[in-house]
S.K.: 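I have a structure here, written as structure tokens, and I will follow up with some questions on it.
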Amino acid sequence: MADDVRAVLPCGPAGLLLPKAESPADVGALDRLMTEIEAGGTGPSASIMALVTETAVAVANLPRYARGAEGRELPARLCALTWGGEDSGLRAGCSGQS
């Protein structure tokens with residue numbers, strides 16, 4: 001992921017989509033990487049949208065996204081949590097065929 005973020009962030013995207021985020025720690029790791037890159041003068045900070053329902057672990061961790069959970073705040077640049085229904089459905093055994 002780091003190489004992709006280093007390649008894209010200097011282009012000034014409005015935000016990045018973090019797929020398969022399993023916990024706030026994943027969002028925090030991306031935030032730290034983006035902050036490090038932006039410190040190098042790449043321009044304004046981009047937002048993060050996190051796909052947080054693509055795995056069973058991610059669904060179980062949804063309550064941890066509540067502000068202040070576990071005594072930690074989420075990164076300010078986290079602007080959305082979004083649904084990854086296709087991957088979670090496939091993992092649950094849904095074939096998509098009728």
S.K.: Under 4.5 Å between any side-chain heavy atoms of L74 and V27, yes or no?
M.R.: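 SC-SC contact between L74 and V27 ruled out.
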S.K.: Specify the closest pair of heavy atoms between A21 and Y65, including all atoms of both residues, with the distance to one decimal.
M.R.: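 Heavy atoms only, the tightest pair is CB-OH, 3.9 Å.
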S.K.: State, with a plain yes or no, whether a side-chain heavy atom of L30 is found less than 4.5 Å away from one of V5.
M.R.: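 Of all side-chain heavy-atom pairs linking V5 with L30, at least one is under 4.5 Å.
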S.K.: Determine whether L78 and V8 fall in the same hydrophobic cluster, where Ile, Leu, Val, Met, Phe, Trp and Tyr are linked whenever their side-chain heavy atoms lie under 4.5 Å apart.
M.R.: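 Yes, because L78 and V8 connect within a single hydrophobic cluster, where side-chain heavy atoms sit under 4.5 Å apart.
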S.K.: Tell me the closest heavy-atom pair linking L9 and A46, and the distance in Å.
M.R.: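 So the two residues come closest at CD1-CB, 3.9 Å.
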S.K.: Partners of D26 by salt bridge (charged side-chain N to carboxylate O under 4.0 Å, His left out), sequence neighbours excluded?
M.R.: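 Once residues adjacent in sequence are excluded, D26 has no partner under the salt bridge (charged side-chain N to carboxylate O under 4.0 Å, His left out) criterion.
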S.K.: Taking side-chain contact (heavy atoms from CB on, under 4.5 Å) as the definition, give me every residue that meets it alongside S47, ordered by chain and number, with sequence neighbours left out.
M.R.: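 Partners of S47 by the side-chain contact (heavy atoms from CB on, under 4.5 Å) criterion, ordered by chain and then number, come out as C79.
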S.K.: Please round to the nearest 0.5 Å and tell me the distance separating atom OG1 of T82 and atom CG of L18.
M.R.: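 Rounded to the nearest 0.5 Å, the OG1-CG separation comes to 11.5 Å.
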S.K.: Give a yes-or-no answer on whether the side chains of E38 and S45 include a donor-acceptor pair shorter than 3.5 Å.
M.R.: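 Short answer, no.
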S.K.: Going by side chain to side chain donor-acceptor pair (under 3.5 Å), name the pairs with one or both residues in residues 1-16, residues two or more places apart or in two chains.
M.R.: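 Pairs touching residues 1-16 that pass the test: R6-E36.
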S.K.: Show me the pairs that pass side chain to side chain donor-acceptor pair (under 3.5 Å) and involve residues 7-19, at least two apart or across chains.
M.R.: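 The answer is none; no pair qualifies.
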S.K.: Consider only side-chain heavy atoms of I, L, V, M, F, W and Y, link residues closer than 4.5 Å, and tell whether V52 and M1 are in one cluster.
M.R.: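 Yes; M1 is reachable from V52 via cluster members.
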S.K.: With sequence neighbours left out, write down each residue that passes side-chain contact (heavy atoms from CB on, under 4.5 Å) with N61, or none if nothing qualifies.
M.R.: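 Here the qualifying residues are S23, V57, R64.
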S.K.: So, using side-chain contact (heavy atoms from CB on, under 4.5 Å) as the criterion, who are the partners of A29 when residues are at least two apart?
M.R.: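 Testing A29 for side-chain contact (heavy atoms from CB on, under 4.5 Å), a comparison that skips the adjacent residues, returns R32.
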S.K.: CD1/I48 to CE/M34 distance, rounded to the nearest 0.5 angstrom?
M.R.: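 Taking CD1 in I48 and CE in M34, the distance rounds to 5.0 Å.
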S.K.: Could you state the interatomic distance from CG (L51) to CG (L17), rounded to the nearest 0.5 Å?
M.R.: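 Spacing of CG (L51) from CG (L17) equals 4.5 Å.
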S.K.: Can you name the side chain to side chain donor-acceptor pair (under 3.5 Å) partners of T35, sequence neighbours left out?
M.R.: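 If we apply the side chain to side chain donor-acceptor pair (under 3.5 Å) test to T35, skipping adjacent residues, the hits are R77.
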